[in-house]
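See below for the structure under consideration.
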Amino acid sequence: MGAMPEEIAPILEVIGSYTQKEVADNTYYEANYKGVDLVIAYSKIGKVFSTLTASTMIHYFGVETMLFSGVAGGINPQLKIGDMIVAKDLCQHDLDITAFGHPHGFVPGGSQFVKTDEALCELAFDVAKELDLALIEGTIATGDQFVHDTERKEFIEKTFNADALEMEGSSVAVVCHALNVPVFILRAISDTADTDASFSFEEFMESSAKISAAFIMKMVEKLAR
Ligand code: 4EH
């Protein structure tokens, strides 16, 4: 799964042939790749659309493993443009009922952080080692905002100790956690979420999306065996 067309285009290109199905106002691509049944879609941007797509993939298509591929804004200074981060856990940085004494990102019945699947993270580090690629594991913060100012970025860094930020991962992880589907969220950095983020994003989103997608396909190959 991705959020933008550019995030799944490299995957569709590798797969080559697939069938298309329209469900819940979105297009889903089905294919068999090296013996694995795949369902591929981009959700459109943000938590609401990504929730809908993740739910549809699981409930309508019967997806048993969720792999998300895309780009992110970097917070951790170790993360440079094109570097990859695997989410160990995720939070919603724009969910705020602090007025009632709750921590940022928390609502009753939920949790401030949602974890991803440990076995899939381990598989990612196996793949990274085999290909001699650098991979960082960390916390990803999600919100319905393209972050492009230092103040907001610092708030997210301080409040959640987040390493990267984006607009879909946490909602996908919440859906998968609730429905007992193992989830893996991979992002390659396209910008650093500060004042020049929109320019950096436009320049690097496509190349970073390709880096993430290529890695996800290596994981699919590994899952196939
Ligand atoms: O799906 C959205 C895209 C930006 S919005 C979240 N994605 C990219 C990750 C991301 C991100 N999210 C929040 C990369 N950098 C980010 C940042 N803040 N700084 C978009 C982009 N282009 C056209 C339309 N919308």
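Keep in mind that the numbers below use all heavy atoms, side chains included, and drop hydrogens, waters and symmetry copies. Residues take their numbers from the sequence shown, with the count starting at 1. Each ligand, and each atom within it, is numbered from 1 in the order the structure gives.
- Side chain to side chain, Asp89 and Thr139 meet the donor-acceptor criterion of an N or O pair below 3.5 Å.
- Here the rule is salt bridge (Lys or Arg N to Asp or Glu O under 4.0 Å) with Glu168, and of Lys47, Arg187, Lys44 only Arg187 fits it.
- With contacts defined as side-chain heavy-atom distances shorter than 4.5 Å, the pair Val183/Leu120 does not qualify.
- In summary, the side chains of Thr27 and Glu22 do present a donor paired with an acceptor at a separation below 3.5 Å, with no hydrogens or angles considered.
- Placement of Leu223 and Met84 within a single hydrophobic cluster is found when ILVMFWY residues are connected by side-chain heavy-atom separations under 4.5 Å, directly or transitively.
- Checking side-chain atoms of Asp194 against main-chain N and O of Asp196 turns up no donor-acceptor pair under 3.5 Å.
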Extract all N/O-N/O pairs under 3.5 Å that connect ligand 1 to the protein, and present each with both atom names and the distance rounded to 0.1 Å.
{"residue": "ligand 1", "atom": "1 (O)", "partner": "Glu168", "partner atom": "OE2", "Å": "2.7"}
{"residue": "ligand 1", "atom": "15 (N)", "partner": "Gly73", "partner atom": "N", "Å": "3.4"}
{"residue": "ligand 1", "atom": "15 (N)", "partner": "Asp191", "partner atom": "OD1", "Å": "3.4"}
{"residue": "ligand 1", "atom": "15 (N)", "partner": "Asp191", "partner atom": "OD2", "Å": "2.7"}
{"residue": "ligand 1", "atom": "18 (N)", "partner": "Val147", "partner atom": "N", "Å": "2.9"}
{"residue": "ligand 1", "atom": "19 (N)", "partner": "Val147", "partner atom": "O", "Å": "2.9"}
{"residue": "ligand 1", "atom": "19 (N)", "partner": "Asp191", "partner atom": "OD1", "Å": "2.9"}

